[in-house]
Amino acid sequence: MDGDSDPKIDSASPAAVEALLEAEQSLRDYRGDDATNFWQSLDHAAYDLYGLSRRDRVLIEDMVGLTIDFQRTHEKSIALKSCSTESLKQYAEWLMRGIQPLFAAGSDLGLRAKIYNWKRAQGTAAPSRSLRVIEFAFEDNAHGEAEIVEVGDLDAALSRIEAGLHAELAEGLYTRRHLRIYDQNRFYILKPDHQRSWSRSAALNDADAVIADHLRGP
Amino acid sequence: MPEKNAGESVGRLRVDISDALLCTVVDVLVASWPAVVSSKVVTATSTEDEITDVLYEEMYDEKERRELDNIDFDREPQSNLRHEPLPLGYIDVKVSYNAWRKTDYFAIECKKVSASSITPAKKYIDDGVVRFVTEKYSSGHSRGAMVGYVVDGCEEDCARLLEGLFSSHKLVETNIRRAWSRHDLFRSHPHVFRSDHEQQHSKRIISLMHVLLSFSMRSL
């Protein structure tokens with residue numbers, strides 16, 4: 001983390017300390033049913049006190065909201081729930097944020113994302129889409145825009161791709177791989193339709209993977 | 001947290017991400033320089049190490065401002081791993097990326113240069129360029145960078161002096177394979193040059209980016 005891991009209250013920013021104490025008091029005073037906003041305010045005040053970057057904040061929020069939740073509640077976890085288009089949009093924006101700064105110098109190239117969305121065919125019994133797909137394109141004067149593109153039902157095609165993504169690592173130990181397809185100035189990311197696969201921290205990880213795929217020789 | 005290495009990739013982008021990364025690092029370096037000069041902590045009479053200490057700090061701050069979280073700068077780390085037989089080198093500024101292996105880095109070597117004296121230019125080659133050629137650092141790498149702190153005269157005069165020395169200096173093993181020329185990749189700073197050299201052990205070609213930074217800052 002970028003900030004001090006153990007801020008000393010005496011030397012910390014008085015405004016940050018004050019904000020933290022106020023957030024805590026507001027939470028204590030609240031008597032309603034849904035204290036989500038108050039907890040969020042307390043979180044943000046703590047982030048500010050520690051001087052955490054936006055990246056650090058995302059890693060913490062996903063760790064608490066998805067990873068720990070999955071470890072505790074397993075198949076009932078929110079981490080395995082289907083993704084909303086809004087969460088996919090956030091994923092796309094965070095992935096582009098990981099790559100885009102490398103193209104700020106000496107280049108007009110930027111990234112643009114298309115999030116493919118489709119309605120399920122009527123009568124389909126499966127509870128959720130098998131995979132989701134996002135296309136990223138390097139284009140002149142693109143600035144990290146992410147748009148939702150409505151397409152025909154892709155489930156049948158994606159199910160066939162998904163079947164090839166299951167791999168046996170050892171006897172009785174299986175993994176479901178994620179797929180990155182590169183083509184000219186575009187790349188596609190295909191992953192299971194689970195929130196943990198398309199979180200903001202997954203986007204940061206995938207941005208690293210895309211860069212690593214191209215820093216070494218073909 | 002997402003699983004590391006759970007991905008499988010097919011194909012390759014036509015966009016050169018490696019070049020983009022290096023351009024970004026040089027852009028950070030160039031953008032940091034005015035703060036080094038205006039800080040007055042170091043001047044043209046300061047030692048190379050003193051100047052590089054301040055430059056390193058400014059580069060780090062610039063990197064943070066740009067939220068380049070995955071790029072890291074280290075000041076004077078050792079270049080080689082324990083099992084490698086090549087001579088030990090201390091890299092002035094080592095650039096690494098989150099997704100790189102331990103042996104992958106981008107080395108920046110810093111030297112003073114002068115438009116009026118050939119002595120610093122000789123040191124620039126003998127104690128700078130040659131270290132990349134002998135693989136004191138950046139063994140087997142395709143790219144590296146040299147920074148020339150211009151202590152008098154202008155960057156272009158220093159560039160001409162270095163260019164002449166590259167073509168005439170016979171005393172050192174520069175193994176030059178591509179002559180000194182203006183760098184065609186880097187557009188936002190006019191005083192970036194390039195020379196290619198064959199490394200002695202790996203026999204690989206390393207392309208050196210030469211960035212000239214002046215204390216007079218006339219052209220910044």
Side-chain angles (χ1 to χ4, degrees), chain A residues 2 53-56 59 62-63 66-68 70 97-107 109 111 136-138 164-165 167 175-191 196-199 201-218, chain B residues 1-31 60-72 95-101 103-106 140-143 183-190 192 204 209:
Chain A
D2 298 331
S53 68
R54 284 189 296 180
R55 182 186 177 92
D56 291 337
L59 294 176
D62 283 353
M63 170 64 79
L66 296 174
T67 309
I68 294 177
F70 179 65
R97 191 176 286 175
I99 296 175
Q100 191 82 52
L102 300 185
F103 289 85
S107 170
L109 275 184
L111 271 172
F136 296 89
F138 285 97
L165 295 178
T175 184
R176 183 153 65 160
R177 294 169 296 185
H178 302 167
L179 189 58
R180 298 184 294 278
I181 301 171
Y182 302 108
D183 179 26
Q184 304 281 320
N185 284 352
R186 295 173 193 282
F187 63 96
Y188 302 82
I189 296 194
L190 289 82
K191 298 200 285 187
R196 66 172 179 169
S197 299
W198 299 96
S199 65
S201 53
L204 293 169
N205 192 46
D206 289 345
D208 273 359
V210 169
I211 291 167
D213 284 341
H214 293 84
L215 286 178
R216 293 164 201 144
Chain B
M1 293 286 276
E3 286 175 288
K4 286 270 182 190
N5 302 318
E8 202 68 31
S9 67
V10 179
R12 195 167 177 85
L13 283 171
R14 200 169 55 186
V15 173
D16 195 329
I17 288 182
S18 185
D19 273 350
L21 179 62
L22 298 187
C23 279
T24 300
V25 170
V26 173
D27 198 55
V28 167
L29 197 160
V30 170
Y60 210 93
D61 289 347
E62 180 67 19
K63 172 188 99 69
E64 297 284 295
R65 274 192 290 275
R66 297 186 189 199
E67 295 191 50
L68 296 168
D69 299 318
N70 294 339
I71 296 177
D72 204 11
V95 181
S96 51
Y97 189 82
N98 207 16
W100 284 355
R101 293 167 299 190
T103 49
D104 293 341
Y105 58 86
F106 179 58
H141 291 188
S142 61
R143 291 176 179 84
H183 207 295
D184 53 6
L185 188 66
F186 197 76
R187 288 182 270 162
S188 61
H189 183 61
V192 180
R204 292 192 62 166
M209 201 180 258

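The basis for the numbers below is simple: all heavy atoms, side chains too, and nothing from hydrogens, waters or symmetry mates. Every chain is numbered from 1, with letters handed out A, B, ... down the list of sequences.
In this structure, chain A has heavy atoms under 4.5 Å from both the backbone and the side chain of B:Leu13. Residue A:Ile68 does not touch chain B at all, counting heavy-atom pairs closer than 4.5 Å. At a 4.5 Å heavy-atom cutoff, the contact between A:Arg54 and chain B is made by side-chain atoms alone.
Without hydrogens or angle criteria, B:Arg14 side chain to A:Arg186 main chain gives no donor-acceptor distance under 3.5 Å.
Counting heavy atoms from C-beta on, the side chains of A:Phe103 and B:Ile17 come closer than 4.5 Å. Using a 4.5 Å heavy-atom cutoff, the side chains of B:Ile71 and A:Leu102 are in contact.
A:His178 contributes atom NE2, which lies 11.5 Å from atom CD of B:Glu8 (distance to the nearest 0.5 angstrom).
The two residues A:Tyr182 and B:Ser9 come nearest to each other via the heavy atoms CE1-CB, 3.7 Å.
Taking A:Arg55 as the reference, B:Asn70 meet the side chain to side chain donor-acceptor pair (under 3.5 Å) condition, with sequence neighbours excluded.
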